[in-house]
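Some notes on the structure that comes next.
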Amino acid sequence: MDKFTVLTAIAAPLPEANIDTDKIIPARFLKTTKRSGLGVHAFDGMRYNPDGSEKPDFVLNREPYRKAGILITHDNLGCGSSREHAPWALLDFGIRCVIAPSFADIFFNNCFKNGILPIRLPREICDALMDDARLGANGRLTVDLERQVVVRPDGEEIAFEIDPLRKHLLLEGLDDIGQTLQHEGAISTFEAARGQAQPWQTRIVID
Amino acid sequence: MAARTLFDKIWDSHVVERLEDGTAILYIDRHLVHEVTSPQAFEGLRISGRRLRRPDATIAVVDHNVPTSDRTLPIEEPESRNQIETLERNVREFGVPYFPLLSERQGIVHVVGPEQGISLPGMTIVCGDSHTSTHGAMGALAFGIGTSEVEHVMATQTLLQKPAMNMKVVVEGTLGAGVTAKDVMLAIIGTIGTAGGTGYVIEFAGSTIRGLDMAGRMTICNMSIEAGARAGLVAPDETTFDYVRGRPFAPQGEAFEQAVAYWKTLAADAGAHYDKIVELRAEDIPPVLTWGTSPETVIPVSGTVPDPSAESDEAKRAQMQRMLDYMGLEAGQKIAGVPVDVVFIGSCTNSRIEDLRSAAGIVAGRHVAPGVRAMVVPGSGIVKAQAEHEGLDRVFLDAGFEWREAGCSMCLGMNPDRLTPGQRCASTSNRNFEGRQGPGGRTHLLSPAMAAAAAVTGHLTDVRELI
């Protein structure tokens, strides 16, 4: 996983609420056994006509937003399916940071696992950042994870909250499985104690 | 110790270690695996040289991609075939128990788990699928995870989690004729909204919930995620224990009795704190359905399509108008009487034997309306066999329904069962998002009985007119 430290990028405004993960990546594109290559299908229904041509009005089809690294939306981004293909598709498109007033829980988690920083900010701030984003290449935002601020084009800094553990993993680009396996002893002890206290715990074995 | 909720008790009993910032290493009892969200996780294990820690706590099935037609024929779509074959290679390599396509025990992962006694009260259960919340009906903490977390569970049998907040949804009273668990859950989602449960685990309680059979409780918990909650649960009681008793992977004999004694301690303590409580009266819930492209767009079947001009928030107004345009509906239009092209009875929400009995009760002696494609897709091979044993297949086939093999089918448009653009579907599934059942498809979520009513009349219909 790539580290996330400081990102300066074009931000794409997508002022819609409840953008579900079926919208981010429809199920028919989930047949891959890889994590890469989904960017071309990101937002398929919003981005392409049925004949495959681009919808010219959709923000990610317009310059300079084709190169957006940040996406700003309204409430409840990523609701619905748990598919991690949603952050994979965003990442493959080039999005490293998503900003919204609120996120669906599973999508929020999935972003961190892929080096995407999800930032919760109040609706009116998201709207102000969307106004910045509408300036296109002149409206680049900087996201500084170490300092926990979003820097607007005029230099104003907006602070955001992030869980310390998640911040650490993102800054270092760490895989949390390795982290957890350092607690292997505790897991084994727990497992053994549980097996003794609850002898009815069954094992799944198919002959 | 302070009074605890059902969620608190299950959570506490699974914490391996608390990290400094409040994150817990949470032990996972059951990991359910399917073909769509697992290949990258198995690949991750292989690349890092890690083993799958507890194959005996893991079960794999194929469900999302599988065709629901003749199983003896090869799978035509090469990508679907590849994903299924990849799972089969992975379960062999890592020694994971697996119900293959031709096994009677194959089916939708959220139907199979409880049916086999793999999902039990008091457990933590995860799967790379948001509808894992279904298993909460057993009185388990069950939630969906992404593929990175699938790999994390495979490697460590744990997850890094922060505790959720507690919400209680209380439904009291007696349901009216033609009103089912699906109507109750849609009414709840219509009340709290699709983000109402974000950050919470919802415990469903009250006399109405207690009175539901396990299939009904599974329908309720299944759609918790449609209210934004990762998990929903119902305290285990005699209904639960009767359901679990004798299932293949459930504890048997003396072990079962010991387990029941423990499961009885899981219900919330008197005075346990809930961060939010929502109350509904069963008598206030009519048969309902959705009109738009979000599961919260719930209206009574006797109602009319809402008017965006009555909405003051500009963004919401635009969104409502977009939904109306997509759905091909007009503001103020009566929802009953809108013609349907397809009726889908199935999915992890409503494909259990009880659901099929409910639909068959409406269909018996009637016929599918001309021009309507109606299909029944049982949730597992075992549900299918049980239905055939009861003669339900004849009821559906004689009425002109298709009687298909088990799988996710038309719930999500990733197998051959899909809507074509503009087609309108009365569906017992869980999501009505744009394109969910196929690009351009229009979905109305409703109960199996209401779906059956739509099939025989050819339009959205108040099921109470047919009972």
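Chain letters run A, B, ... following the sequence lines, proteins first and then strands; every chain starts at 1.
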For this session: Return yes when atom CD of A/E161 has more than 12 non-hydrogen atoms of other residues, nucleotides or ligands closer than 6.0 Å, and no otherwise.
Result: no
Exercise. Crowded around A/R203 CZ? As in, over 12 foreign heavy atoms under 6.0 Å?
Worked result: no
For this session: Determine, stepwise, if the pair B/E434 / A/M46 fulfils side chain to side chain contact (heavy atoms under 4.5 Å, CB included).
Result: CA-CA 10 Å; B/E434 285 184 27; A/M46 302 166 87; 5.8 Å; no
Exercise. Contact part of B/T147 toward chain A, heavy-atom cut-off under 4.5 Å: side chain, backbone, both or neither?
Worked result: both
Problem set entry | Part of B/V150 within contact of chain A (heavy atom distance under 4.5 Å) | neither
Exercise. Do the side chain of B/Q319 and the main chain of A/E16 share a donor and acceptor less than 3.5 angstrom apart?
Worked result: no
Exercise. How long is the span from the OG1 atom in B/T194 to the CG atom in A/D20, to the nearest 0.5 Å?
Worked result: 9.5 Å
Exercise. Say you draw a straight line from CZ of A/F112 to CD of B/E149; how long is it, rounded to the nearest 0.5 Å?
Worked result: 11.5 Å
For this session: For each of A/N76, A/D75, A/T189, A/N114, tally heavy-atom pairs with chain B at distances under 4.5 Å, and name the one with the top tally.
Result: A/N76
Problem set entry | Proximity breakdown for B/L412 and chain A, heavy-atom pairs closer than 4.5 Å | both
For this session: Please test A/I204 against B/I118 for side chain to side chain contact (heavy atoms under 4.5 Å, CB included), starting from the C-alpha separation and ending with a verdict.
Result: CA-CA 8 Å; A/I204 307 171; B/I118 288 170; 3.8 Å; yes
Exercise. Between A/R35 and B/P39, is any pair of side-chain heavy atoms under 4.5 Å apart?
Worked result: no
Exercise. How far does CD of A/Q201 sit from CG of B/D29, to the nearest 0.5 angstrom?
Worked result: 5.0 Å
For this session: Report the option among B/E254, B/R105, B/E226, B/R30 that has the most heavy-atom pairs separated by less than 4.5 Å from atoms of chain A.
Result: B/R30
For this session: Measure across B/H14 and A/F190 and return the closest heavy-atom pair with its distance rounded to 0.1 Å.
Result: CA-CZ, 3.7 Å
Exercise. Which pair of heavy atoms, one from B/G128 and one from A/S82, lies closest together, and at what distance?
Worked result: C-OG, 3.6 Å
Seminar exercise, completed: Cut-off 4.5 Å, heavy atoms of chain B, and the answer for A/P26 is neither
For this session: Please lay out, stage by stage, how B/D129 and A/R83 fare under the test salt bridge (charged side-chain N to carboxylate O under 4.0 Å, His left out).
Result: CA-CA 7 Å; B/D129 189 284; A/R83 60 190 69 166; over 6 Å; no
Exercise. What residues, two or more places apart in sequence or in another chain, satisfy side chain to side chain contact (heavy atoms under 4.5 Å, CB included) together with A/A186?
Worked result: B/V16, B/E17
Problem set entry | Distance-only side-chain donor-acceptor flag, A/T33 / B/E43, under 3.5 Å | no
For this session: Under the side chain to side chain contact (heavy atoms under 4.5 Å, CB included) rule, collect the residues that match up with A/E191, sequence neighbours excluded.
Result: B/Y27, B/R53, B/R54, B/Q157
For this session: Residue by residue, scan residues 166-182 of chain A and write down, ordered by number, those that have a heavy-atom distance under 4.5 Å to chain B; if none do, write 'none'.
Result: A/D175, A/D176, A/I177, A/G178, A/T180, A/L181
Problem set entry | For chain A, the option from B/P439, B/A155, B/G435 that forms the most heavy-atom pairs under 4.5 Å | B/P439
For this session: Could you have a look at A/P87, A/S81, A/P15, A/P50 and say which one has the most heavy-atom pairs with chain B under 4.5 angstrom?
Result: A/S81
Seminar exercise, completed: So, the part of B/R431 with a heavy atom under 4.5 Å from chain A: the answer is side chain
Exercise. At their closest point, which heavy atom of B/G146 faces which heavy atom of A/E84, and how far apart are they?
Worked result: C-OE1, 3.1 Å
Let me have the donor-acceptor pairs involving side chains of residues 90-101 of chain A, under 3.5 Å, with sequence neighbours excluded, atom names and distances please.
| residue | atom | partner | partner atom | Å |
| --- | --- | --- | --- | --- |
| A/D92 | OD1 | A/G37 | N | 3.4 |
| A/D92 | OD2 | A/G37 | N | 3.3 |
| A/D92 | OD2 | A/L38 | N | 3.2 |
| A/D92 | OD2 | A/G39 | N | 2.8 |
| A/R96 | NE | A/G115 | O | 3.0 |
| A/R96 | NH2 | A/K3 | O | 3.3 |
| A/R96 | NH2 | A/G115 | O | 2.8 |

Problem set entry | Most chain A-contacting option - heavy-atom pairs closer than 4.5 Å, from B/G117, B/G22, B/A255 | B/A255
For this session: Return the minimal non-hydrogen interatomic distance between A/R194 and B/S13, and the atom names on each side.
Result: NH1-O, 3.7 Å
Problem set entry | side chain to side chain contact (heavy atoms under 4.5 Å, CB included) evaluation trace for A/K23 with B/F433 | CA-CA 8 Å; A/K23 253 184 198 158; B/F433 300 154; over 6 Å; no
For this session: Identify which part of B/F256 has an atom lying under 4.5 Å from any heavy atom of chain A, answering side chain, backbone, both or neither.
Result: neither
Exercise. More than 12 heavy atoms of other residues, nucleotides or ligands under 6.0 Å from CZ of A/R62: is that the case?
Worked result: yes
For this session: Find the distance between OG (B/S130) and CZ (A/F107) and round it off to the nearest 0.5 Å.
Result: 14.0 Å
Exercise. Contact part of A/S188 toward chain B, heavy-atom cut-off under 4.5 Å: side chain, backbone, both or neither?
Worked result: both
Exercise. Hey, are A/D105 and B/R230 close enough for a salt bridge, meaning a charged N less than 4.0 Å from a carboxylate O?
Worked result: no
Exercise. Which pair of heavy atoms, one from A/V205 and one from B/F249, lies closest together, and at what distance?
Worked result: O-CE2, 3.6 Å
For this session: Indicate yes or no: does B/E85 engage A/K31 in a salt bridge with an N to O separation below 4.0 Å.
Result: no
Problem set entry | Atom pair CG/CD of A/L30 and B/Q83 - distance to nearest 0.5 Å | 7.5 Å
For this session: For each of B/E35, B/H131, B/M414, tally heavy-atom pairs with chain A at distances under 4.5 Å, and name the one with the top tally.
Result: B/M414
Seminar exercise, completed: Only one of B/T158, B/L19, B/T156 passes side chain to side chain contact (heavy atoms under 4.5 Å, CB included) with A/H183, and that residue is B/L19
Exercise. When you look at NZ of A/K55, are more than 12 heavy atoms from neighbouring residues, nucleotides or ligands closer to it than 6.0 Å?
Worked result: yes
For this session: First locate atom OG1 of B/T198, then atom CZ of A/F103, and finally report the distance between them rounded to the nearest 0.5 Å.
Result: 12.0 Å
Exercise. Considering only heavy atoms from C-beta outward, does the side chain of A/I106 approach that of B/F143 to under 4.5 Å?
Worked result: no
Exercise. Can any side-chain N or O of B/Q258 pair as donor or acceptor with the backbone N or O of A/W200 at less than 3.5 Å?
Worked result: no
Exercise. Is there side-chain contact between A/H85 and B/Q40, with at least one heavy-atom pair below 4.5 Å?
Worked result: yes
Exercise. Given the options A/G80, A/G45, A/S102, A/A197, which has more heavy-atom pairs under 4.5 Å with chain B than any of the others?
Worked result: A/G80
